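Below is one structure; the comments refer to it alone.
Bear in mind the structure is a predicted one, so any value in this text is a computation, not a measurement.
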Number of protein chains: 2
Amino acid sequence: MRSDCPLNYGIEIFGDKWSLLIIRDLMFFGKRYYNEFLQSTEGIATNMLADRLAMLEKEKIIRKEKDSQHKQKIIYSLTEKGIDLLPIILSIGLWSEKYATIELNPNRDMILSDARKSVPRRVEKMKKKLLKEHSPTA
Amino acid sequence: MRSDCPLNYGIEIFGDKWSLLIIRDLMFFGKRYYNEFLQSTEGIATNMLADRLAMLEKEKIIRKEKDSQHKQKIIYSLTEKGIDLLPIILSIGLWSEKYATIELNPNRDMILSDARKSVPRRVEKMKKKLLKEHSPTA
DNA sequence: TGACACTGCTTGTATTTTGCAAGTGGATGC
DNA sequence: GCATCCACTTGCAAAATACAAGCAGTGTCA
């Protein structure tokens, strides 16, 4: 680690171009499988994805389980530590919505609209829902 | 741009290992000069710093002015677009405070303590203060 | 039982980004 | 008028990323 600054700590863990996008896919789009992450429009390379998933698991931001139905499949889900990235993701979204100089996807607006007014209470509600969705061996 | 997702938009602009640290130095530590940014404990290289400052100015997150007293000096300050990164920075700090596995700098706690309880109102107050500090030709 | 396809990866290599050290040109100080 | 400060720039090595191909384990169907 380069310093003991809390901001730097977060940046060193998820401050790359891919980690938060993987979290987003888990959080808002119900993605759970390796192949699903690969198909996101940003186009992550397969070795990068493998690398980030391993890192996020090591940091206990996501967890990895075998799919009991299909033995070759692996299910990824968020831990509470991962779910608590929600306020960060929403605040980045709200900033972009305010300042983006390109046209943003209007569907994503619906996700942000929940956060737009009173952030903390809405975030609490969303967190509870996510905790249910991402409970182990769901 | 890789996609029209609001989260991705933010990541593509300030989602590297240095940009938010520069913003932090402007926001909380009153740094205004090139040399001051160089001296931060994370140790940014001078070419990286020059590159990021140029990018942040191009994105209108910071502004660049000549110091009227010392003509060789250049003053950097935040625009409102830059000041509005505050909720993002605070939410990263709060997450780190909750989950960091290393010992964090306790001085930074004081910055976060403002945000800890009721985020939006505190953020509004901090934003107003920053707008004054970073008004052009201050 | 064997051929084929799907799954989550790994491996190899080209390209890009970053990091480090040294240097540059225009003030400023004495 | 010479050294020093300031905001950079340049050159090169090292690391991270992107792209393409391959591979082992499982499932599917004949």
Side-chain angles (χ1 to χ4, degrees), chain A residues 1-3 8 10-23 25-26 29-59 61-78 137, chain B residues 1-3 8 10-23 25-26 29-59 61-78 137:
Chain A
M1 286 265 157
R2 301 176 295 185
S3 80
N8 182 65
I11 288 173
E12 292 215 35
I13 291 178
F14 53 77
D16 65 279
K17 302 273 184 218
W18 294 113
S19 297
L20 287 181
L21 297 180
I22 297 170
I23 308 295
D25 286 350
L26 284 158
F29 305 129
K31 299 195 179 182
R32 293 293 182 276
Y33 300 108
Y34 194 91
N35 276 332
E36 295 181 305
F37 300 120
L38 275 185
Q39 281 153 27
S40 289
T41 54
E42 288 88 5
I44 189 169
T46 176
N47 55 345
M48 285 290 99
L49 178 59
D51 187 88
R52 289 307 116 91
L53 287 172
M55 184 276 282
L56 291 170
E57 196 205 358
K58 192 183 131 238
E59 295 290 341
I61 287 169
I62 64 175
R63 82 175 72 79
K64 210 173 156 172
E65 297 170 273
K66 282 183 184 162
D67 189 326
S68 49
Q69 261 70 49
H70 307 266
K71 284 218 164 182
Q72 62 181 322
K73 281 189 156 189
I74 285 171
I75 301 179
Y76 293 95
S77 61
L78 292 165
T137 62
Chain B
M1 288 265 157
R2 301 176 295 184
S3 79
N8 181 66
I11 288 173
E12 292 216 33
I13 291 179
F14 53 78
D16 64 280
K17 303 271 184 221
W18 295 112
S19 298
L20 287 181
L21 297 180
I22 297 170
I23 307 295
D25 286 350
L26 283 160
F29 305 128
K31 299 195 179 181
R32 293 293 182 276
Y33 300 107
Y34 194 92
N35 276 333
E36 294 181 305
F37 300 120
L38 275 185
Q39 281 154 27
S40 289
T41 55
E42 288 87 5
I44 188 170
T46 175
N47 56 343
M48 284 291 98
L49 177 59
D51 187 86
R52 289 307 117 90
L53 287 172
M55 183 278 280
L56 291 170
E57 196 205 358
K58 192 182 132 238
E59 295 290 341
I61 287 169
I62 63 174
R63 82 174 72 81
K64 211 174 156 172
E65 298 171 272
K66 283 183 183 161
D67 189 326
S68 49
Q69 260 69 50
H70 305 268
K71 284 217 163 182
Q72 64 180 324
K73 280 190 157 190
I74 284 171
I75 301 178
Y76 293 95
S77 61
L78 292 165
T137 63

Please table the atom pairs, donor to acceptor, closer than 3.5 Å between any side-chain atom in residues 48-57 of chain B and protein atoms at least two apart or in another chain.
| unit_1 | atom_1 | unit_2 | atom_2 | d |
| --- | --- | --- | --- | --- |
| B/Arg52 | NH1 | B/Asp16 | OD2 | 2.9 |

- prompt: Starting at CD1 of B/Ile62 and ending at P of D/dA7, how long is that distance when rounded to a whole Å?
  reply: 13 Å
- request: Select base, sugar-phosphate, or nothing to describe what B/Lys64 touches, counting heavy atoms under 4.0 Å on all strands.
  value: sugar-phosphate
Minimum heavy-atom distance A/Thr41-B/Ser3, with the two atoms named: OG1-CB, 3.6 Å
statement: Assign each of B/Met48 and A/Thr46 the nucleotide of DNA chain C bearing its closest heavy atom; nearer the 5' end lies the nucleotide of A/Thr46
- request: Identify, with sequence neighbours excluded, every residue that meets side chain to side chain donor-acceptor pair (under 3.5 Å) alongside B/Asn47.
  value: none
message: Would you say A/Trp18 places a side-chain N or O within less than 4.0 Å of OP1 or OP2 belonging to D/dA18?
response: yes
N/O to N/O distances under 3.5 Å, protein versus nucleotides 25-30 of chain D:
| unit_1 | atom_1 | unit_2 | atom_2 | d |
| --- | --- | --- | --- | --- |
| D/dG25 | N2 | A/Gln72 | OE1 | 2.7 |

- prompt: OH of B/Tyr34 versus C1' of D/dT9: gap in Å, rounded?
  reply: 9 Å
- prompt: Residues two or more places apart in sequence or in another chain: which of them pass side chain to side chain donor-acceptor pair (under 3.5 Å) with B/Gln39?
  reply: none
- prompt: With a 4.5 Å heavy-atom cut-off, do A/Ile13 and A/Ile61 have their side chains touching?
  reply: yes
field: Closest non-hydrogen atom pair, B/Lys17 against A/Glu12
entry: NZ-O, 3.7 Å
message: Rounded to whole Å, please give me the gap between CG in B/Asp51 and P in D/dA7.
response: 17 Å
- line: With a 4.0 Å cut-off (strictly under) to non-hydrogen atoms of chain A, the first and last hit nts on DNA chain C, 5' to 3', are C/dC6 to C/dG12
field: Partners meeting side-chain contact (heavy atoms from CB on, under 4.5 Å) with B/Thr46 (sequence neighbours left out)
entry: B/Tyr34, B/Leu38
query: Of all residues at least two apart in sequence or in a different chain, which pass the side-chain contact (heavy atoms from CB on, under 4.5 Å) check with A/Lys31?
result: A/Asp25, A/Phe29, A/Glu36, A/Phe37, A/Ser40
query: Relative to the 5' end of DNA chain D, which residue comes earlier, A/Ala45 or B/Arg32, by the nucleotide with the nearest heavy atom?
result: B/Arg32
- prompt: Expressed in angstrom and rounded to an integer, what is the separation of B/Leu49 atom CG from D/dT9 atom P?
  reply: 11 Å
field: Residues in side chain to side chain donor-acceptor pair (under 3.5 Å) contact with B/Asn35, at least two apart in sequence or another chain
entry: none
- prompt: Could you state the CZ-C1' distance from A/Arg52 to D/dA18, rounded to the nearest angstrom?
  reply: 12 Å
field: Interatomic distance, A/Leu21 CG vs D/dA18 P [rounded to whole Å]
entry: 11 Å
field: Closest-nucleotide 5' rank along DNA chain C - winner of A/Ala50 and B/Ile44
entry: A/Ala50
query: Just how far, in rounded Å, is P of D/dA14 from CG of B/Asn47?
result: 16 Å
- line: Nearest-nucleotide check on DNA chain D, A/Asp16 vs B/Leu38; residue mapping nearer the 5' end is B/Leu38
task: Round to the nearest Å and state the distance from A/Met55 atom CE to D/dA16 atom P.
output: 12 Å
